[in-house]
*Asks:* 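The structure's right below; bear with me while I get my questions together.
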Amino acid sequence: WTHELLMQAEPNQEFSRWIKVGEGKSLLEGDGLVLDSSNGDSIYWQLDGGPNDGDWDGSRPTTIEFEARAREISGGNEAAGQVVVSDGMNYFAFTISEPEWHRYRIVLDGGQARLFTDGDSGSDETLKANALPEDRRINQIYFGDGSEAIGGITEWKSFRWTNEGAFAP
């Protein structure tokens with residue numbers, strides 16, 4: 001893995017380039033990170049990158065893996081949290097709505113993203129590509145609540161990625 005967050009500290013303390021966005025709560029609890037947007041304020045951790053960045057570059061074949069669960073979905077929202085990855089041209093969003101812990105893997109390559117849940121024995125689906133407007137072509141990754149349709153409390157045990165290839169489980 002190029003970088004791995006073990007959620008023993010807030011992401012910007014484990015890797016300084018992560019930026020906390022929003023007024024919701026981000027706190028360490030037990031063996032992980034809890035993000036709370038149940039009061040209506042968004043909260044997510046964002047990492048910007050690009051081809052010359054050396055840290056995050058979604059335009060290269062990429063593998064992202066994380067362990068997460070939705071503790072609470074609030075206010076009639078569809079999910080408690082999400083992971084969004086972009087390659088500079090498109091973005092791909094995955095929502096966190098299951099109360100059970102799962103290990104998710106997103107494989108991003110050639111403008112397509114596939115999501116695997118719980119390794120070989122779990123599900124496999126293709127994520128919808130959403131074109132980025134020309135004035136917002138960014139290469140980034142974020143996790144938490146960055147959408148009006150998302151809200152609640154999520155728990156995260158780990159978050160890691162590599163730009164060294166798109167590796168299915």
Side-chain angles (χ1 to χ4, degrees), residues 1-74 77 79-88 90-98 101-108 113 115 127 130 132 135-167:
W1 299 101
T2 303
H3 287 286
E4 182 171 22
L5 301 174
L6 298 176
M7 305 306 181
Q8 302 304 305
E10 287 202 322
N12 62 341
Q13 293 173 345
E14 289 191 48
F15 181 61
S16 64
R17 299 211 34 229
W18 283 97
I19 300 166
K20 183 170 82 170
V21 180
E23 298 298 319
K25 297 176 190 166
S26 174
L27 39 105
L28 296 172
E29 186 178 289
D31 62 350
L33 180 70
V34 175
L35 299 180
D36 183 349
S37 63
S38 61
N39 64 357
D41 290 330
S42 66
I43 177 68
Y44 59 95
W45 286 93
Q46 173 181 310
L47 180 66
D48 293 335
N52 300 314
D53 189 2
D55 292 315
W56 164 257
D57 184 4
S59 68
R60 295 175 48 199
T62 300
T63 304
I64 304 115
E65 187 173 271
F66 53 96
E67 288 180 87
R69 78 181 193 102
R71 184 191 292 178
E72 171 189 311
I73 300 173
S74 63
N77 290 303
Q82 64 186 344
V83 172
V84 177
V85 298
S86 66
D87 61 8
N90 297 298
Y91 73 92
F92 305 87
F94 168 69
T95 58
I96 308 293
S97 58
E98 295 291 323
W101 284 103
H102 291 287
R103 179 173 297 220
Y104 301 98
R105 181 176 284 201
I106 297 173
V107 177
L108 180 63
L115 171 73
L127 297 176
N130 300 283
L132 289 165
D135 63 338
R136 297 213 46 225
R137 294 225 167 127
I138 50 177
N139 192 330
Q140 71 177 194
I141 186 169
Y142 74 79
F143 65 95
D145 169 9
S147 167
E148 290 183 17
I150 306 294
I153 302 172
T154 52
E155 296 180 64
W156 305 81
K157 284 187 181 177
S158 64
F159 195 98
R160 57 190 181 180
W161 79 91
T162 182
N163 295 129
E164 299 303 315
F167 304 110

*Asks:* In Å and rounded to the nearest 0.5 Å, what is the CG to CD distance from Leu6 to Glu67?
*Replies:*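 Nearest 0.5 Å value for the CG-CD distance: 10.0 Å.
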
*Asks:* Are Ser26 and Glu10 close enough that a side-chain donor and a side-chain acceptor fall under 3.5 Å?
*Replies:*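 Ser26 vs Glu10: donor-acceptor pair found between side chains.
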
*Asks:* Is atom CZ of Phe92 surrounded by more than 12 heavy atoms (other residues, nucleotides or ligands) closer than 6.0 Å?
*Replies:*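 Yes, CZ of Phe92 has more than 12 neighbouring heavy atoms, counting only those of other groups under 6.0 Å.
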
*Asks:* Kindly assign one of parallel, tilted or perpendicular to the pair Trp161 and Trp56, based on the angle between their ring planes and the thresholds 30° and 60°.
*Replies:* perpendicular

*Asks:* Which is it for Ile141 and Phe159 under the side chain to side chain contact (heavy atoms under 4.5 Å, CB included) test, yes or no, and what are the steps along the way?
*Replies:* CA-CA 11 Å; Ile141 186 169; Phe159 195 98; 3.6 Å; yes

*Asks:* Asp31 vs Met7, test: side chain to side chain contact (heavy atoms under 4.5 Å, CB included). Steps then yes/no.
*Replies:* CA-CA 7 Å; Asp31 62 350; Met7 305 306 181; over 6 Å; no

*Asks:* Out of curiosity, Glu155 CD to Asp36 CG, how far, rounded to the nearest 0.5 Å?
*Replies:*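 Nearest 0.5 Å value for the CD-CG distance: 10.5 Å.
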
*Asks:* Which heavy atom of Ser74 sits nearest to which heavy atom of Ser38, and what is that distance?
*Replies:*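 In terms of heavy atoms, the two residues are closest at OG-CA, 3.5 Å.
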
*Asks:* Check Ala166 against Pro61 and note the closest heavy-atom contact, atom names and distance.
*Replies:*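 In this case the closest contact between Ala166 and Pro61 is N-CB, 3.7 Å.
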
*Asks:* Going through the distances and angles, do Ile150 and Thr95 end up as a side chain to side chain contact (heavy atoms under 4.5 Å, CB included)?
*Replies:* CA-CA 8 Å; Ile150 306 294; Thr95 58; 3.7 Å; yes

*Asks:* Drop me the distance from Thr154's OG1 to Asp145's CG, to the nearest 0.5 angstrom.
*Replies:* 8.0 Å

*Asks:* Exactly one of Thr162, Asn163, Asp57, Thr63 should register a side-chain hydrogen bond (donor to acceptor under 3.5 Å, both in side chains) with Thr2. Which one does?
*Replies:* Thr162

*Asks:* Of the options Tyr142, Tyr104, Trp45, which is the one that meets Phe66 in a ring pair (Phe, Tyr, Trp, His ring centres under 6.0 Å)?
*Replies:*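 Of the listed residues Tyr142, Tyr104, Trp45, the ring pair (Phe, Tyr, Trp, His ring centres under 6.0 Å) partner of Phe66 is Tyr104.
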
*Asks:* Using 0.5 Å steps for rounding, measure from the CD1 atom of Ile96 to the CD1 atom of Ile73.
*Replies:*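 So the gap between those two atoms works out to 10.0 Å.
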
*Asks:* Once you round to the nearest 0.5 Å, how far does CG of Leu33 lie from CD of Glu14?
*Replies:*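 If I round to the nearest 0.5 Å, the distance is 9.0 Å.
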
*Asks:* Any donor-acceptor pair under 3.5 Å linking the side chain of Ser86 with the backbone of Ile138?
*Replies:* yes

*Asks:* Test side chain to side chain contact (heavy atoms under 4.5 Å, CB included) on Thr62 and Val85 and set out the steps.
*Replies:* CA-CA 10 Å; Thr62 300; Val85 298; over 6 Å; no

*Asks:* Would the number of heavy atoms belonging to other residues, nucleotides or ligands and lying under 6.0 Å from CD of Glu23 be above 12?
*Replies:*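 It does not: Glu23 CD has 12 such atoms or fewer within range.
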
*Asks:* Classify the ring geometry of Phe143 against Trp18: parallel below 30°, tilted from 30° to 60°, perpendicular beyond 60°.
*Replies:*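 If you compare the ring of Phe143 with that of Trp18, the planes turn out perpendicular.
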
*Asks:* CG of Leu115 to CG of Leu108: how many Å apart, nearest 0.5 Å?
*Replies:* 12.0 Å

*Asks:* Return the minimal non-hydrogen interatomic distance between Ala93 and Val84, and the atom names on each side.
*Replies:*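 Heavy-atom minimum between the residues: CB-CG2, 3.9 Å.
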
*Asks:* So, the side chain of Asn130 versus the backbone of Leu132: is there a donor-acceptor pair under 3.5 Å, distance only?
*Replies:*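 A pair under 3.5 Å: no.
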
*Asks:* What is the minimum heavy-atom distance between Trp156 and Ala68, and which atoms define it?
*Replies:*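 So the minimum-distance heavy-atom pair works out to CE3-CB, 3.5 Å.
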
*Asks:* Spell out, as yes or no, whether a donor-acceptor pair under 3.5 Å connects the side chain of Glu4 to the backbone of Ser158.
*Replies:*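 Here the side-chain-to-backbone pair does not exist.
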
*Asks:* When you compare the side chain of Phe167 with that of Arg105, does any pair of heavy atoms fall below 4.5 Å?
*Replies:*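 Contact flag for Arg105/Phe167 side chains = yes.
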
*Asks:* Side chains of Phe15 and Leu47: closer than 4.5 Å at any heavy-atom pair?
*Replies:* yes

*Asks:* Distance-only, no hydrogens or angles: does the Arg71 side chain make a donor-acceptor pair with backbone N or O of Ala80 under 3.5 Å?
*Replies:* no

